[in-house]
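Below, chains carry the letters A, B, ... as their sequence lines are ordered, and counting in each starts from 1. Computed from a predicted structure; not experimentally measured.
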Amino acid sequence: MENRDLARLLRETADLMEIADEDSFRIRSYRRAADAVETCSQPIRILAAEPKRLLEIPGVGKGIAAHLTEMVSTGRFSEHEKLLSQYRPTMLQLLQIQGLGPKTIALIWARHKASTVEEVEALAREGKLRELPRMGEKAEQKILKAITAWRAMSGRFLLEEARQAAGQALARLREIAEVEQAAAAGSLRRGKETVGDLDLLVAGRRLQGAALTAAIDHFLGFPGIVEIYGRGESKLSVRLHAGLQIDVRWLPPESFGAGLLYFTGSKAHNIALRGRALKAGLSLNEYGLSPLETAPPGKSKAPVAAPTPRTLSTKARRPEDAPSGGLLPAGAAEVAAEARIYHALGLEWIAPELREDAGEIEAAATGHLPRLVSEADIRGDLHMHTTASDGRCSIEAMADAALARGYEYIAITDHSASLAMVQGLDERRMLQQLKRIHAADASYRQGRKPAGGGRERPLRILAGIEVDILADGRLDLADDVLAQLDLVIGSIHSRFDQAPEAVTERLLRAIEHPALHLLGHPSGRILLRREPIALDFETILSACAQHGVTLEINAAPDRLDLHDRHARRCREAGVKIAINTDAHHPRHLELLPYGLAMARRGWLEAKDVLNTLPAEELLTTLQHQRRAAGAHS
DNA sequence: GCCGTTTTCGGCCCGACTGTTTTCAGTCG
């Protein structure tokens, strides 16, 4: 059992304990232990050989250590099984439905013996839920709506989960000597925020006959595989225990570029490309680009070896400029293979994130593709938490991590008091925190050596806060304190189930506040559990333009709450975007590629992004922004 | 459950918000 499996079992047990109405502190211990196990740098199954070493993990005591030892040695967890026999595994799904909590689930189970989404849905439709205490027609409707939203999300996986699985599966494939090329295609490569299944492509000259059979057998030894859907001439289809489907296809080496292009999609992009090929008398499929059957006599049917058209030769992007921001670093050879096809169609190579038939083909034909923002453009992170609220580490630890990444600045933005669960900062504690940030800034701006080596560099540490936007649009921290901060992020932390008009109104009032710099959760869309709310985004956008407020792309994989089409509208409206990781731990800075993927899908260039500015320019911009807003109000 | 300790128990996780109330339970972050 890997750490992630152990953490999952602990979390599921905690969820079931909640339904069983057990002690909340005990439940919290299970969740904390799950976090600790998941982030533990060493495999628990190794540590478990010496039980003392398990106790060294913070959050793991005698009780949890015994549970871990049981899981590692027997592959089972008796406490988990006991709760499951008492309740039902499907209740874990019910917990994912917005508005359905452990108490309600326990009540529905006690009264109706209903434990599946379908059963609860039926009860709601029959008007039977309203008969339960403290439930009414409104609550029933809300649950039905939440079930619809849940259905839309289920069966899809967060980009992060898919990328991890793809990384492991690709590593397995690359162990095979005959595999010369291997890459992930599909929506993962396009950087979509959720992924339905994985498409992996492999190619090798000797990958046929007995060698192919042996290669497939080797891949089937991949530990996560629980089911084989199909094993055919050109494709293998399996399912992992988490439910994710992986399709592996093998292609002739000369078709690898065409295959990558074809299986990366999107469907709309492929259709448009094929149309363009047809007009040029060519046929495009997953094996290559070739002259049409009906082509004029004399033309061979051999695949077109496509030279770069002269008209594009000066503008064509070098493939190495292109790879997608680090999320899935594509090999230069693979990109070059794709580029040959694009060039043969009179197009520049198009970054996978843009392939939606949303104007990218026209732009590629005329040399007007955006120069997409990339990891190297980002100079700092403007949204970070520390132990002052729910972060795990000190200001200095976060600063060191930023320094190691080569950043020029960071902003420390802990939660404000309304987020009581994490002991958010009230005015008094914010002022104390401000002193600490100023002290750290004074020290780091003199220059520090990054932990991993390298020359001494200065780092600016900005003082900020993530304030809560209350239901009436007020910010939950006094104006005189807000005025002392470099950066104020406003986020909504409660009641996303308000009517969209009410949430829009709430955001508009916050945008008008002279101290607000950045709007978090700007589209009311937290990926993990919700469908987008139908906010009046255009009105929000023009208010941001008027008041100089920047919108945030939150790179945490379960956030990404600014949709790519919103990002693109920001660009058109001249409203800046900040791409932040919302880091609660130094490691979270590595999540930047997820935010970048969203930004790139929204066609953003470096100039559209606030945190590509050099430190001094950024500070000036933030100060100016406050003055402009102040003048307005 | 874990943690810390003036060591074996007491503290840890609470405010905003809604829908159902007629004073508050349940959910969320």
Side-chain angles (χ1 to χ4, degrees), chain A residues 9-11 13-37 54-68 77 79-80 83 94-108 124 129-143 145-146 149 385 389-391 414-426 429 466-477 490-499 502-503 506 520-521 524 526-530 533 554 556 558-559 561 582 584:
Chain A
L9 282 174
L10 286 171
R11 283 206 188 94
T13 307
D15 286 348
L16 291 164
M17 285 160 75
E18 222 164 14
I19 294 172
D21 197 24
E22 291 195 33
D23 176 58
S24 61
F25 295 112
R26 200 168 155 243
I27 295 168
R28 194 161 67 128
S29 299
Y30 276 69
R31 298 222 164 100
R32 273 228 303 264
D35 285 343
V37 164
L54 287 179
L55 295 175
E56 289 167 13
I57 303 171
V60 174
K62 271 166 118 180
I64 300 276
H67 291 327
L68 290 173
F77 184 13
E79 192 161 330
H80 185 258
L83 283 162
L94 282 179
L95 275 173
Q96 293 169 14
I97 287 163
Q98 191 73 15
L100 267 186
K103 292 287 185 328
T104 314
I105 291 169
L107 192 62
I108 295 174
L129 287 185
R130 71 183 73 169
E131 293 165 9
L132 298 173
R134 293 199 161 271
M135 292 280 270
E137 203 182 334
K138 262 187 166 169
E140 234 169 28
Q141 291 310 314
K142 224 171 233 185
I143 287 171
K145 219 176 130 193
H385 297 268
S389 64
D390 58 348
D414 274 297
H415 288 289
S416 58
S418 300
L419 214 62
M421 176 194 171
V422 301
Q423 275 130 34
L425 302 165
D426 57 15
R429 288 183 55 225
E466 182 181 9
V467 279
D468 197 18
I469 300 171
L470 301 174
D472 57 5
R474 281 182 304 120
L475 307 182
D476 74 331
L477 206 68
S491 296
I492 290 186
H493 287 107
S494 64
R495 308 319 310 190
F496 266 102
D497 54 349
Q498 273 184 325
V503 180
R506 192 172 172 179
H521 307 168
I526 293 181
L527 193 59
L528 192 58
R529 302 186 63 173
R530 293 186 185 85
I533 297 179
N554 188 325
D558 59 343
R559 298 286 151 117
D561 44 7
D582 197 357
H584 287 65

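Side-chain proximity of A/Lys142 to B/dT18, B/dG29, B/dC17: nearest is B/dT18. Distances were taken from every side-chain heavy atom of A/Leu470 (C-beta onward) to each of B/dA16, B/dG15, B/dG1; the shortest belongs to B/dA16. Comparing B/dC12, B/dG1, B/dT27 by their closest approach to the side chain of A/Glu79 singles out B/dG1. Relative to the side chain of A/Ser418, the nucleotides B/dG19, B/dA16, B/dG29 differ in distance, and B/dA16 lies closest. If you check B/dC13, B/dG19, B/dG29 against the side chain of A/Leu419, the one that comes closest is B/dG29.
A/Glu18 comes within 4.0 angstrom of no nucleic acid atom, judged by non-hydrogen atoms across all strands. Counting non-hydrogen atoms under 4.0 angstrom, A/Val60 reaches the backbone sugars and phosphates but no base.
A/Glu466 and A/His385 are linked by a side-chain donor-acceptor pair at a separation below 3.5 angstrom, with hydrogens and angles left out of the test.
Residues passing the side chain to side chain contact (heavy atoms under 4.5 Å, CB included) test with A/Ser416, sequence neighbours excluded: A/Ile465, A/Val467, A/Asp468, A/Asp476. By the side chain to side chain contact (heavy atoms under 4.5 Å, CB included) test, A/Asp35 is found to be paired with A/Arg11, A/Arg392, residues two or more places apart in sequence or in another chain being considered.
With both ends at atom C1', the span from B/dT21 to B/dC13 equals 25 Å, rounded to whole Å. For the P atoms, the distance linking B/dT22 with B/dC14 amounts to 28 Å, nearest Å.
B/dC24: Watson-Crick or G-U partner is B/dG19, with both key distances under 3.5 Å.
Ion pairing of A/Asp15 with A/Arg31 is present here, as a side-chain N (NZ or NE/NH1/NH2) and a carboxylate O approach within less than 4.0 Å.
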